Amino acid sequence: MNSSKVRQEFLNFFKQRGHQIVPSSSLIPTDPSVLFTTAGMQQFKEYFLGKPSSYGKRVTSCQKCFRTSDIEEVGNNRHLTFLEMLGNFSFGDYFKEGAIKYAMEFLVDVLEIKKERLWITVFKGIEKPQIIPKDLESEEVWQILGIPKTRIFEFGMEENFWGPTGEEGPCGPTTEIHYDLTGRACKKGRKCIPNCDCGRFVELWNLVFNEYYQSPKKELSSLKQKGVDTGMGLERLAMVVQGKSSVYEADLFEPIIKEIEKISSISYKLKAKNYRIIADHIKGAVFLISEGIFPSNVERGYILRRILRRIIRHGRVLNLQKNFSIPLAKKVIEIYQDIYPEVRSKETDILTVIQNEEEKFEKTLEKGLKIFEKVAAKGDISGIDAFHLFDTYGFPIELTQELAKEKKLKVDVKGFKEAFERHREISRAGMEKKFGGVGKEAGYQAAKLHTATHLLQAALREILGQSVKQMGSDINPQRLRFDFSHPQKMTDEEIKKVEDLVNQKIKEDLKIKKEEMKYEEAIKSGALAFFKEKYPEIVTVYSINNFSKEICAGPHVKRTSELGKFKIVKEEGLGAGLRRIRAILE
Ligand code: SER
C-alpha cells in the first residue's frame, strides 16, 4: 500500500469513528516558546486544557512536523527531521481503552500488520518528585487484546511520559507500540527489547494520555478533563506496511534516493548514511522554505542554513556536482505537491533559496575544509578555530563538530560560544553607534522607518505633485527625517492626506519587492533615484505595488503591515523651496 493510501486510510478510519479531519497546521507554531511544530497536538493544545474545541471532541489529522532533536540521529533507519504525523485526539471523550482499541484495530485489521510483531511499552510510575501512578489500565487492555505479558515492558519518565511542548501545557503517561523489524535479538539477547538502539525495533505509535498540566515551574496538577493525543510517523508506518527495513527505502524517500544515485558515482549501498542525510535534509529544507523561512544566522533561519550546508558537505562526499540539490528539491516537490500544494506554488522561492545558499557555501566550503584539516592535525578543535570556521567560512558549529567527530576529536563549544559573544558585542557596539539603539532590534526598527520613508515620498508626490524630490533623509530608531523640494508650507489638510495615504498603504499589507537591474533600466522603468548618490551599474530596486519604486540599498521590511501606524510629527521649512518632515511609527 502506498503512503497516500495509508494516509487516507488512517484519516477515513477515524472519520468513520466520529472524528473530524482537521488539516495540518503550519510548521511555524503560534506558541512563541517553540521554534517548530513537532507534534500533531500543538494546534489543539488549548482544547486539552478545557477550552471547547471548535471541531468537536474527536479529531484526526496528518500534521507536518519538523524536529531538530533528531538531527544527529538522521542517517539511521528511522530518524528524520521533517515528518508527517498521523494522529487521533480526544478532548474529554474516550480515554485509554478507546485509544488502544482503535490503534490495534487500525494496525491489525485495516493494515493487516502482524500482531506478533507488535511490542508494547507502558508507564511504570514514579514516586519523586511527586507520585504519578503506574499505568495498570493500559497494560490490562493490551493483554485483553491479545498481546502477551512477555511483549509488554515498563519504562519511566524518559520513555513513557510525554509533554508538554514549550513552557507549559498538557502532558501525561504514554503507551507506545513498537514494531519488530527483524524478529531477531541483537547481541544483548533477552535485553533486546523496545527502545534497544540496535535498529530491530521501531517506535511506531505513541498514545499519550493527557491527565496533567505542567506549569512553567514544572509542577504537575491534574487536568479537569482527560484527553488522548496519539502520534504515528507516516514514514515509519509506510516502511512497515511496505515491508522495508528503513524509511528511506519506502515510497516517501525512495524516489529521492534514486535521484541521488543517478548523479553520484558512489552507490547508496556503500554510503547509505550520506545519502540518507541528504535525502532527509533536502525534504526538510523544501518544507521550511515553503513556509517562508530563509537561511540566516538565527533561530529557524539558522536551522535551515545548517541543514542546507550539511547537504552540501555530504554531497561532496558523494562527488555530487554543483547545484545537485536542485533536481532533488524538485523530486520532493513532485512527491508532495498533491497533499501540500504550497511546495508547488512556492517552487521558485524554494529553488532560488537553495541554489543561492549552495552557491554561497560552495565558495567557502573548500577553503574551510582545508583550514579544518590543518587545525585538526594539531588535535582537538579550539573555540577560536571553530569560530573562525564559522565566521569566515560559514561552518555552522554543528558541522565542525561533525567533522571533528569523524576524526574522533572534540570541539571546545564553550570557547566557541565565548568567541561568538565577544564578536556579537563588538558588532552590537558598531550598530549602536550607527543607530543609537540596541543591536538587532534597532536594525529592524531602522528597516521599518526606511520602508516608511519610501511610502512617504510616494504619498507626497501623489498629494503635492510629481515635482516633489527627495533632497535628503536620515533615520534613527526613534524617527525618520525626510527633506524634499516643495515651494510652500504644507497645509494641515495636506499633511493629514499624506499621513492617511501612508497608513492606507500600511493597512493594505503590501509586499516589498526587491529586484536587481541595470541602472538605466531602473530609471526607464520609473524608479526614483536620489540625485546626490552615485550608483553602480547594477542597482537594487525596491517597489511596493505600483505605488512606490526606488533605487535603494535597503534594508526594508517584508510587508507594509509590519510598520504599525505612521504619524507626521513636524513639517518645517529649511530655506527656499526646501521642506523637512519628521515622522514616527507608533
Ligand atoms: N504528542 C505525541 C508525540 O509527538 C503523540 O502525538 O509523540
Side-chain angles (χ1 to χ4, degrees), residues 6-7 10-11 13-14 19 21-27 29-31 33-49 53 55 58-71 73 78-91 93-96 98-100 102-104 106-107 120-123 135 138 155-179 194-195 201-214 220 223 226-237 240 247:
V6 174
R7 195 191 282 115
F10 182 90
L11 296 173
F13 175 86
F14 283 101
H19 295 64
I21 301 176
V22 179
S24 170
S25 65
S26 160
L27 280 174
T30 41
D31 179 351
S33 66
V34 282
L35 266 194
F36 294 109
T37 298
T38 55
M41 62 75 68
Q42 261 158 283
Q43 64 167 324
F44 308 123
K45 207 167 161 179
E46 48 192 1
Y47 305 147
F48 286 110
L49 301 177
S53 152
Y55 311 106
R58 294 174 173 220
V59 303
T60 180
S61 69
C62 176
Q63 173 67 47
K64 298 187 279 185
C65 296
F66 189 90
R67 294 190 164 183
T68 52
S69 54
D70 293 333
I71 289 187
E73 254 73 49
R78 60 198 184 281
H79 282 98
L80 299 169
T81 55
F82 173 85
L83 59 108
E84 289 176 86
M85 200 176 317
L86 301 166
N88 57 292
F89 308 87
S90 147
F91 316 121
D93 194 324
Y94 59 88
F95 199 46
K96 294 182 179 175
I100 294 172
Y102 283 150
M104 192 73 152
F106 180 68
L107 294 180
I120 303 299
T121 63
V122 294
F123 183 59
D135 182 3
S138 295
F155 285 88
M157 293 295 282
E158 187 69 26
E159 305 292 350
N160 282 79
F161 194 93
W162 202 88
T165 53
E167 304 274 302
E168 59 186 311
C171 55
T174 72
T175 180
E176 291 180 346
I177 305 173
H178 294 247
Y179 183 82
N195 297 323
F201 294 101
V202 57
E203 179 198 325
L204 195 59
W205 201 342
N206 186 13
L207 317 184
V208 184
F209 304 120
N210 282 321
E211 296 182 61
Y212 300 99
Y213 163 80
Q214 183 179 302
L220 296 185
L223 282 174
K226 291 178 179 173
V228 172
D229 147 30
T230 87
M232 171 159 59
L234 174 62
E235 297 77 1
R236 290 183 179 185
L237 183 59
V240 168
V247 289

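Please read these numbers as outputs of a predicted model, since none were measured by experiment. Just so you know, ligand 1 is whichever comes first in the structure, and atom 1 is the first atom listed for that ligand. Excluded from the calculations below are hydrogen atoms, water molecules and symmetry mates; all remaining heavy atoms, backbone and side chain alike, are included.
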Legend entry - Partner residues of Q43 under the side-chain contact (heavy atoms from CB on, under 4.5 Å) criterion, sequence neighbours left out: V22, S25, Q63

Inset, instruction - Step through the shown structure and confirm whether more than 12 heavy atoms of other residues, nucleotides or ligands are within 6.0 Å of NZ on K226. - result: no

Inset, instruction - Under the ring-ring contact (aromatic ring centres under 6.0 Å, His included) rule, collect the residues that match up with F13, sequence neighbours excluded. - result: F106

Legend entry - Backbone or side-chain N or O of T38 under 3.5 Å from ligand 1 N or O: no

Legend entry - Proximity of L207 to ligand 1 by residue part, where a heavy atom lies under 4.0 Å: neither

Legend entry - E235 side-chain N/O to E84 backbone N/O, donor-acceptor pair under 3.5 Å: yes

Inset, instruction - Would you mind running through ligand 1 and noting each atom that sits below 4.0 Å from a heavy atom of V208? - result: 2 (C), 5 (C)

Legend entry - Shortest non-hydrogen contact from P164 toward C171: N-CB, 3.8 Å

Legend entry - Residue, atom name and distance, where the atom is the protein heavy atom closest to atom 7 (O) of ligand 1: N206 ND2, 3.1 Å

Legend entry - Numbering as shown, the atoms of ligand 1 that approach G231 to under 4.0 Å (heavy-atom distance): 5 (C), 6 (O)

Inset, instruction - Would you please test F89 and Y47 for ring pair (Phe, Tyr, Trp, His ring centres under 6.0 Å) and show each step? - result: CA-CA 10 Å; F89 308 87; Y47 305 147; over 10 Å; no

Legend entry - Per-atom contacts of ligand 1 with M85, taking only distances under 4.0 Å to non-hydrogen atoms: 4 (O), 6 (O)

Inset, instruction - Within a distance under 4.0 Å of any heavy atom of T230, pick out the atoms of ligand 1 and give their elements. - result: 5 (C), 6 (O)

Inset, instruction - Report yes if some N/O of A39 lies less than 3.5 Å from some N/O of ligand 1; otherwise report no. - result: no

Inset, instruction - Considering only non-hydrogen protein atoms, determine which one is nearest to atom 5 (C) of ligand 1 and report residue, atom name and distance to 0.1 Å. - result: D229 OD1, 3.2 Å

Legend entry - N/O donor-acceptor pair under 3.5 Å between K96 side chain and D135 backbone: no

Inset, instruction - Report the part of R67 in contact with ligand 1, treating N, CA, C, O as backbone and CB onward as side chain, heavy atoms under 4.0 Å; options are side chain, backbone, both, neither. - result: side chain

